[in-house]
Amino acid sequence: MSKTITFKTHYFLFVFIILLASCNNTSKKSSIKPTVNKETKALKKILFVVTSHNKKGDTGEKTGYYLGEVSHPWDVLHSAGYEIDFVSPQGGKAPVDAFDMTDSINKKFWNNTTYRNKIEHTKTPSEVNPEDYIAIHYAGGHGAMWDFADNTEIAEIAKQIYENNGVVSAVCHGPAGLVNIKLSNGSYLVDGKKVNAFTNEEEVKVKLEDVVPFLLEDQLIAHGAIFEKSAPFTNHVVSDQRLVTGQNPQSAHSVGKATLNELQKLTKNTQ
């Protein structure tokens with residue numbers, strides 16, 4: 001009888017120890033916090049600026065944003081995993097110029113229902129929170145010459161993105177949005193930086209030098225830019241201190257790649 005009691009006592013003690021150990025292991029497992037791989041974190045977004053202006057002065061000719069100067073940088077940056085939003089001075093549907101569907105990238109962008117909807121329903125500047133964006137890109141098109149330079153709201157957005165260690169890029173007439181951006185220290189964003197844009201010579205070649213409200217090359221130089229350029233309508237891109245600029249439509253794809261390169265530098269520096 002006593003042997004039976006002793007056996008049962010040992011048996012229940014053994015089971016109790018097993019259960020206790022199991023509970024301790026479960027407790028330890030539940031207290032372990034999962035690690036988050038930095039690479040899986042959502043990337044901050046990129047903001048594209050497009051014009052709301054649709055006329056070339058008094059010529060009667062239509063204009064707007066140049067489609068390839070949106071689609072080509074978009075293709076590079078979107079393919080790299082960045083979400084892109086659009087803002088324009090007036091918000092809503094942005095007028096489009098150079099609507100060339102023989103360009104496969106233009107066609108890819110235009111047939112993307114998500115981004116087609118975004119560019120036809122652009123944000124107003126007041127709807128934009130600069131903290132959401134790691135970069136801002138000014139697309140060209142002659143319309144930009146009339147409504148980019150004096151838009152203080154978008155200039156303030158760009159200033160905040162840049163001073164938050166973000167990237168600013170622009171192509172062709174897009175740098176019209178850069179000429180009046182002032183940083184917190186009172187200096188112009190372009191002051192002392194290598195910059196390029198649609199040149200005076202290119203403006204003469206398209207016979208609009210007396211139509212546009214100012215010559216972009218001259219205005220950038222007046223605000224301290226170190227202006228670089230190549231022969232008319234050849235690919236030319238320059239990067240300097242997180243500012244990326246391209247000379248003309250032929251430079252649009254390269255601007256996207258240079259912007260991505262700057263963003264990749266930022267990612268490496270934060271790892």
Return each pair, listed once, that meets ring pair (Phe, Tyr, Trp, His ring centres under 6.0 Å) where at least one residue sits in residues 49-70; pairs must be two or more places apart or across chains.
->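 Every ring pair (Phe, Tyr, Trp, His ring centres under 6.0 Å) pair that includes a residue of residues 49-70, provided the two are not neighbours, is H53-W146.
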Do any pairs count as a ring pair (Phe, Tyr, Trp, His ring centres under 6.0 Å) and have a residue in residues 156-178, sequence neighbours left out, and if so which ones?
->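 Applying ring pair (Phe, Tyr, Trp, His ring centres under 6.0 Å) to every pair that reaches into residues 156-178, excluding sequence neighbours, yields H142-H173, H173-F198.
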Indicate whether any N or O donor in one side chain lies under 3.5 Å from an N or O acceptor in the other, for [X] and [Y].
X	Y	answer
N248	E202	yes
S251	H236	no
Y133	N164	no

Grab the two heavy atoms, one from L266 and one from G166, that are nearest each other, plus how far apart they are.
->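 In this case the closest contact between L266 and G166 is CD1-CA, 4.4 Å.
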Minimum heavy-atom distance between V167 and I161, given as atom pair plus value =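 Taking every non-hydrogen atom into account, O-CG2, 4.2 Å.
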Partner residues of [X] under the salt bridge (charged side-chain N to carboxylate O under 4.0 Å, His left out) criterion, sequence neighbours left out:
X	result
E262	K265
E217	K229
K123	none
E156	K159

Which pairs count as side-chain hydrogen bond (donor to acceptor under 3.5 Å, both in side chains) when at least one residue sits in residues 86-104, sequence neighbours excluded?
->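 For residues 86-104, and leaving out neighbouring residues, the side-chain hydrogen bond (donor to acceptor under 3.5 Å, both in side chains) pairs sorted by first residue read S52-S88, T63-D97, H72-D103, S88-T122, D100-T102.
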Under the side chain to side chain donor-acceptor pair (under 3.5 Å) test, residues paired with [X] that sit two or more places apart:
X	result
E163	S184
D240	none
Q264	none

Around D58, counting heavy atoms of other residues, nucleotides and ligands shown, do more than 12 lie under 6.0 Å from its CG?
->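 Open: at most 12 neighbouring heavy atoms sit under 6.0 Å from CG of D58.
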Kindly state whether the ring of Y115 and the ring of W110 have centres lying under 6.0 angstrom apart.
->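 No, they do not, as the ring centres are separated by 6.0 Å or more.
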Residues that F86 engages under ring pair (Phe, Tyr, Trp, His ring centres under 6.0 Å), provided they are two or more places apart |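 Counting only residues at least two positions away or on another chain, F86 forms a ring pair (Phe, Tyr, Trp, His ring centres under 6.0 Å) with F48.
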Going by the salt bridge (Lys or Arg N to Asp or Glu O under 4.0 Å) test, which pairs reach into residues 63-78, not counting sequence neighbours?
->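 Every pair satisfying salt bridge (Lys or Arg N to Asp or Glu O under 4.0 Å) with a residue in residues 63-78: D75-K108.
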Residue of the set K45, K118, K44 for which side-chain hydrogen bond (donor to acceptor under 3.5 Å, both in side chains) holds with E83 =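 Single pass found, and it is K118.
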